[in-house]
Amino acid sequence: MDGERQIRVYTTGGCEVVQLLGEIDHATAPLVERDVLVSVRATTGVVVDLTETTFLDSAGLLCLDRVVTAFSDRGAPVRVAAPMDGMVRFTLDLIGFIPDLLSEDVDTAVAAMTK
């Protein structure tokens, strides 16, 4: 996604959704992190949507961790949407990403925050 923005931000169900697009790796992670933290100001709830993320390396995982921590520090509930059958979810499961924050899709993540 050279030269293109790798995030898309929208609102659904009272939550802000930040969708990460393409590969999040050592070359793109710092820009993605900056874009997310500048673009999303929510304190009511944030879903990090990884359904269109095709790859996360260690820098991408660090980016995700920092984004989740930043929103949590703001007092915003956070969920991460990653399809069960995808490589990104496999990576998150492999490293032991917090299972309570993971959802199969955006709708499930939003529902978990608005119960």
Side-chain angles (χ1 to χ4, degrees):
M1 299 204 81
D2 192 32
E4 292 180 37
R5 197 157 186 234
Q6 284 191 264
I7 71 166
R8 185 176 303 133
V9 180
Y10 62 95
T11 303
T12 187
C15 297
E16 281 194 75
V17 177
V18 58
Q19 186 178 49
L20 307 187
L21 307 166
E23 296 184 3
I24 312 301
D25 57 22
H26 71 282
T28 61
L31 297 173
V32 168
E33 181 179 341
R34 182 204 64 206
D35 285 350
V36 169
L37 296 178
V38 167
S39 299
V40 180
R41 299 285 182 198
T43 57
T44 57
V46 178
V47 174
V48 179
D49 178 4
L50 302 178
T51 59
E52 296 296 322
T53 304
T54 56
F55 178 77
L56 280 177
D57 69 0
S58 59
L61 292 167
L62 180 60
C63 169
L64 179 62
D65 181 60
R66 288 180 176 169
V67 164
V68 168
T69 299
F71 292 131
S72 295
D73 288 350
R74 292 179 190 173
V78 182
R79 295 291 182 275
V80 176
M84 291 294 292
D85 61 349
M87 201 60 175
V88 169
R89 180 62 173 259
F90 174 79
T91 301
L92 293 172
D93 290 340
L94 185 66
I95 64 150
F97 191 82
I98 305 167
D100 291 345
L101 296 184
L102 292 172
S103 296
E104 172 74 16
D105 55 42
V106 171
D107 292 337
T108 306
V110 169
M113 283 193 287
T114 57
K115 284 183 183 179

* To do: Could you tell me which non-hydrogen atom of Ala76 sits nearest to which non-hydrogen atom of Thr44, and how far apart they are?
  => CB-N, 4.5 Å
* Nearest non-hydrogen partners of Glu23 and Gln6, listed with the distance -> O-NE2, 3.0 Å
* Asked: Is the CZ atom of Phe90 crowded by more than 12 outside heavy atoms at less than 6.0 Å?
  -> no
* **Given Leu64, Val40, Val17, the one that forms side-chain contact (heavy atoms from CB on, under 4.5 Å) with Val48** => Leu64
* **Heavy-atom closest pair, residues Val78 and Leu101** => O-CD2, 3.3 Å
* Do Ile98 and Val18 belong together in a cluster built from hydrophobic side chains that touch within less than 4.5 Å? -> yes
* Is there a donor-acceptor pair under 3.5 Å between the side chain of Thr28 and the backbone N or O of Asp25? -> yes
* Polar side-chain atom of Ser103 near backbone of Ala81 as donor-acceptor pair, under 3.5 Å -> no
* Asked: Is there a chain of hydrophobic side chains (I, L, V, M, F, W, Y, each step under 4.5 Å between heavy atoms) that links Leu62 to Val32?
  -> no
* To do: Indicate yes or no for a side-chain donor-acceptor contact from Arg79 to the backbone of Val47 under 3.5 Å, with no hydrogens or angles considered.
  => no
* Asked: Thr69 side chain to Asp65 main-chain N or O, any donor-acceptor pair under 3.5 Å?
  -> yes
* Salt bridge check: are Asp93 and Arg89 linked by an N-O gap of less than 4.0 Å? -> yes
* To do: Answer yes or no: is there a donor N or O on one side and an acceptor on the other, between the side chain of Glu16 and the main chain of Val9, under 3.5 Å?
  => no
